Amino acid sequence: MSSEIKQLLMKPGLFSSDPQSLLRIRHTCAHVLGMAVQAIFPETKVAIGPWTDTGFYYDFDRAEPFTPHDLTKIEKRMRRIIKANLPVVREVIDRQQVRKEIERENEPYKLEILDGIAVDETITRYFIGHTNDLDTDTALDPVKSKNPNYWWDLCAGPHLSHTGEIVADAFALESLAGAYWRGDETKPQLQRIYGTAWETAEQLQAYLTQKEEAKRRDHRKIGKDLDLFSIQYDAGGGLVFWHPKGARIRLLIEDYWRQAHLDSGYELLYTPHIANLDLWKTSGHFDFYRESMFDQMEIESQHYQIKPMNCPFHVLAYKNQLHSYRELPIRLAELGTVYRYERSGALHGLMRVRGFTQDDAHIFCLPDQVTSEILGVLNLTEQVLSDFGFTQYEVYLSTRPDKSVGDNEIWDLATNALIGALDAKEWKYTVDEGGGAFYGPKIDIKIRDAIDRQWQCSTIQVDFNLPERFDLKYAAADDTRQRPIMIHRAIFGSLERFFGILIENYAGDFPLWLAPVQVRLLPVADDFYDYAVSVATQLKQLGYRVEVDKSKERLGRQIRNAELAKIPIVAVIGEREMASNTLSIRTRKSGDHGSLTTAALQERMQQAIISKQQI
RNA sequence: GCCUUUGUAGCUCAGUGGUAGAGCACUUCAUUGGUAAUGAAGAGGUCACGGGUUCAAUCCCCGUCAAAGGCUCCA
């Protein structure tokens, strides 16, 4: 399915050679939407109507909420405007003149937009409709609502030249949503209408198919269907329960992670879940992120804080003794569970939760070790991500923001170290100027999943703040005390979120090494049940995850159930198999494998496990 | 937190101002089976929760909670 979509989207000629074509279509769609809404609901004020990655939206201010039924009416009206093939005309206009018109039309948001346009900028507006069609009266008083075939909007463009150039079956209105004016929650909340628009009906279809595919893969649905995890309202929102099958996967992920880190020169830590609040005051987190922290608890007149991050703990672990420069770099890693207050409306399945486990690590190193340490992190990141099936990355380098700590020298050193490592790795990256944290520059890595969506997981940050605040030191060769450089990094980001991404990436069809149940044995009749159990015991002793179907259903039903449970391998056991000491193997990916001895099955499984592939 | 929508059996969903429905799952019985659904019977619901209107509310109204989509936020 996914590759079909990709093929469709990448098919030469499907998209026009003009890169602005889609943009024009979507921009004009937004205007047609605005025109349609104001024609049907003249009391509505328009705010802003830009294009997006998949279409367009327009924000409206209207006392009455739009209903889904209104959406249908609006879409019909849009189709009429498209069918009428009205011209879209650009006009350069004088600021004072357009201000008068906006005031007359009583469009406060437009006025604000006009005031936001720089003095030296050319102001343009776009008309939809034949201005010369207006009768004399309305021509003198061109108020939009008085003429259903005439509308204009302040806009920099570009646009199509006629509404008829919008392909009527390549656009659709999608949804209604609330949105704050200028994205500011202290400002009025507007009603946003989302639409999607494409060059051809075929493209729209490809987009809708992709959307459906994303819905099919939704980790919340698969998590429920396969009984991987739950989030229970009795316990509270954003708190994840890992059920046995999900927990099994997590255990496999954690085991893998620990081994990979031990192999890469990390030491592992376990640190507490709560600590004295003073720690968070020292680190600066309390000042900056108080709003996102759970409330403190009082214990013997001391305030304790459930940890929203692991860094200060690792810093304390480092600081517990004086380290020689010879010991550096020191790499401390922990699967550390943290709790952060997220507003209820922000919670989303496993992707946005209130309690999660970071695969956190902190590297304390000498200035001249930064580049090689970062390169080491990049290598480990690539190894880990590709073992989980993610081989395409987009890399971002974020540099010093306006508000930041540390002197220029150290920022340059750190930024150059990051660049040096990226160059050594030969990774292309995009620079996000001023996008760094206040305490240092960072590299963010976004992975691409099976249906071409991007997810940000990994982050590598140089931190100047904490070593300073906690007064970290090492003993240099000349026996002076120097400040180490601290690198903060996570590969998965959050285990919960990464699990969600994994579920969606594999659509629940985990590769054999991660599958919570690898083999289900299906006895064709009661008589073979005990034998199946003995085979299962044998395979379990070899370290495989095996279960026997206890349902006593017919084979067809047992196979169907195993398929629905997305179990990679089923082994049928009956008269023939018992007699010949074999198993009839069927895998989810490639179907019938015929009769195999357990040794032969084991060999095939081992291959798939080592290569981390589906079988 | 805010806006819109939704909330009926474990799951997916019908439905009505007059005592509650289907399919799947579950239990029991029969069936001893060969690569995606054997048959029959049964059990299962304070129609999210709390108020109000009404002779009567799962349905209409108000509030609360939760979920979905979006906005905001994300060390």
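These numbers come from the heavy atoms of this one structure, side chains and all, not from hydrogens, waters or symmetry mates. Letters A, B, ... mirror the listed sequences (proteins, then strands); counts begin at 1. None of the values given here were measured: they were computed from a predicted structure.
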Got a sec? Which of [range] come in under 4.0 Å of RNA chain B, heavy atoms?
range                       : answer
residues 345-357 of chain A : A/Gly345, A/Ala346, A/His348, A/Arg352
residues 515-534 of chain A : A/Val524, A/Ala525, A/Asp526
residues 269-284 of chain A : none

[X] near the nucleic acid: base, sugar-phosphate alone, or nothing, with a heavy-atom cut-off under 4.0 Å?
X        : value
A/Phe438 : nothing
A/Tyr289 : base
A/Arg343 : base

Could a donor-acceptor pair under 3.5 angstrom be found where the side chain of A/Tyr180 meets the base of B/G70?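 By the distance-only test, no, there is no pair.
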For [Y], is there an ion pair with [X] - N to carboxylate O distance below 4.0 angstrom?
X        : Y        : result
A/Lys221 : A/Asp218 : no
A/Glu334 : A/Lys307 : yes
A/Arg216 : A/Glu212 : no

Rounded interatomic separation in angstrom, taking [atom1] from [X] and [atom2] from [N]:
X        : N     : atom1 : atom2 : value
A/Ile193 : B/U5  : CD1   : C1'   : 15 Å
A/His362 : B/A75 : NE2   : C1'   : 11 Å
A/Tyr194 : B/U4  : OH    : P     : 16 Å

Contact list for residues 568-593 of chain A, test salt bridge (charged side-chain N to carboxylate O under 4.0 Å, His left out), sequence neighbours left out: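 The answer is A/Asp509-A/Arg588, A/Glu563-A/Arg586, A/Glu563-A/Arg588.
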Report yes or no: is the cationic atom of [X] (NZ for Lys, CZ for Arg) under 6.0 Å from the centre of the six-membered ring of [Y], at an angle within 45° of the ring normal?
X        : Y        : answer
A/Arg497 : A/Trp455 : no
A/Lys281 : A/Phe286 : yes
A/Arg192 : A/Tyr57  : yes

Only counting residues at least two apart or in another chain, list the ones meeting ring-ring contact (aromatic ring centres under 6.0 Å, His included) with [X].
X        : answer
A/Phe499 : A/Trp242
A/Phe66  : A/Phe41, A/Phe60
A/Phe438 : A/Phe288
A/His314 : A/His362

What stems, by residue range, does RNA chain B take part in, given at least 3 consecutive Watson-Crick or G-U pairs under 3.5 Å? B:1-7 with B:65-71, B:10-13 with B:21-24, B:26-30 with B:38-42, B:48-52 with B:60-64
Where the side chain of [X] is defined as all heavy atoms beyond and including C-beta, which of [options] is the nearest nucleotide?
X        : options             : result
A/Arg220 : B/G70, B/A75, B/G69 : B/G69
A/Glu575 : B/A75, B/G34, B/U4  : B/G34
A/Glu342 : B/G69, B/C73, B/A75 : B/C73

A/Ser344 or A/Ser175: which one's nearest nucleotide on RNA chain B is closer to the 5' end? A/Ser344
Nearest heavy atom decides the nucleotide; on that basis, is A/Gly574 or A/Gly237 closer to the 5' end of RNA chain B?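 Its nucleotide being nearer the 5' end, the pick is A/Gly574.
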A/Tyr109 vs A/Trp181, side chain to side chain contact (heavy atoms under 4.5 Å, CB included): CA-CA, chis, key distance, verdict: CA-CA 9 Å; A/Tyr109 302 100; A/Trp181 169 233; 3.5 Å; yes
Pairs under 3.5 angstrom, nitrogen or oxygen only, protein versus nucleotides 9-11 of chain B, please.
none

Going 5' to 3' along nucleotides 35-47 of chain B, which nucleotides have protein heavy atoms under 4.0 Å from the base (write B), which only from the sugar-phosphate (write S), and which from neither (write -)? BBBB---------
With A/Trp51, which residues qualify under side-chain hydrogen bond (donor to acceptor under 3.5 Å, both in side chains), at least two apart? none
